Visitor: 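Here's a structure for you.
Note that ligands are numbered from 1 as they come in the structure, with each ligand's atoms numbered from 1 the same way. Only a predicted model underlies this, so the values are computations on that prediction, with no experimental measurement involved.
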Amino acid sequence: MSQLDWPKTFSCEFFPPITAEGLSKLQTARQQLMAMHPAYFSVTYGAGGSTRDRTVEVVLDIQARSEVPATPHLTCIASTKSNIRELLNHYKTQGIRRIVALRGDMPSGMRDPGEFRYANELVSFIRSEFGDHFHLEVAAYPEYHPQAPNPNQDLENFQRKVDAGANSAITQYFYNPDAYFHFIDQCARRHIGIPVVPGIMPITNFTQLARFSDACGAEIPRWIRKKLESFGDDRNAIRAFGLDVVSELCRKLLDGGAPGLHFYTMNQAGLTLAIWERLGFTTSR
Ligand code: FAD
């Protein structure tokens, strides 16, 4: 199936906050984002289980309080099969049907990778223990994973996750639509037949974005970087320019056949909703 043939899936991602104030901001953002009628709200998970309790709390809160299903992220590095099994059993009893299955990055100071080395092993494990109960999302990297020795091997490794039973993928964020379309072409050549939904990072803060991008291997194209740098501390200018750039990116992706969008909301609704409206989609309760 080509990417064009899949139904479009729109979703939003949160991270589990540390403070009560952060939690209340997240709840407000979640309520506002309901207006998009997303397919699901996902919640990140700290590698090595560092946010385990907070992730579970936010996931179950979403699941209980909104009509939008909650989707926990789950990382496997530095974890054991028994920990993962226990957590997934808990999610299963709470009605969770979709998981974002990831390797994660080795937490600093830890050396033992545990019982899983790569995300494809987690996908295989979930399939062998839980059959088809969970819809499994995996990560994809149109600009390639920073640790991949070369693009071909990274694609091969992506294929391993699909062969292990992933249903769909969400990409790392990127600002160059050609990277996504090239990646999709490469997947089609390998007969990788799952939807690959672009991950979208709205632009609010240049310093933070530059730091994230260096760490995760996402490129900020020079012209965007230069413009953002030129705005200095002018948050309104950064926001307005970022909104133009990211809305245009989303438009190109959807026009080119992307099977939806996954918004990295950073627990704020404003920019995601503004992009949504720029795309001409309705917001209603
Ligand atoms: P993998 O698919 O295992 O790939 C990791 C690296 O190993 C790649 O270089 C790949 O080419 C290579 N590789 C894969 N399989 C093999 C193999 N069998 N043999 C040899 N090499 C192999 N991180 C968090 O900590 N928490 C989150 O909640 C979180 N959510 C994310 C959501 C999305 C949509 C994305 C794109 C990323 C997310 N991340 C999260 C970041 C992610 O954990 C890191 O990018 C991590 O470095 C890789 O995870 P992965 O699941 O892609 O790993």
Visitor: Can you list, by chain and residue number, every protein residue with a non-hydrogen atom closer than 4.0 Å to ligand 1?
Guide: Thr44, Tyr45, Ala47, His73, Thr75, Leu102, Arg103, Gly104, Asp105, Tyr118, Ala119, Asn120, Ala139, Tyr141, His145, Gln147, Ala148, Asp154, Asn157, Arg160, Lys161, Ile170, Thr171, Gln172, Tyr264

Visitor: Name the one of Val123, Ile84, Leu102 that satisfies side chain to side chain contact (heavy atoms under 4.5 Å, CB included) with Cys76?
Guide: Ile84

Visitor: Answer yes or no: does atom CD of Glu21 have more than 12 heavy-atom neighbours from other residues, nucleotides or ligands under 6.0 Å?
Guide: no

Visitor: If you link ILVMFWY side chains whenever their heavy atoms are less than 4.5 Å apart, which other residues fall into the same cluster as Met110? By chain and number, please.
Guide: Ile77, Met106

Visitor: Are side-chain N/O atoms of His73 and Thr55 paired as donor and acceptor at under 3.5 Å?
Guide: no

Visitor: Mind checking whether Phe206 and Phe231 have ring centres under 6.0 Å apart?
Guide: no

Visitor: Are Tyr264 and Phe15 co-members of a hydrophobic cluster defined by side-chain heavy atoms under 4.5 Å apart?
Guide: no

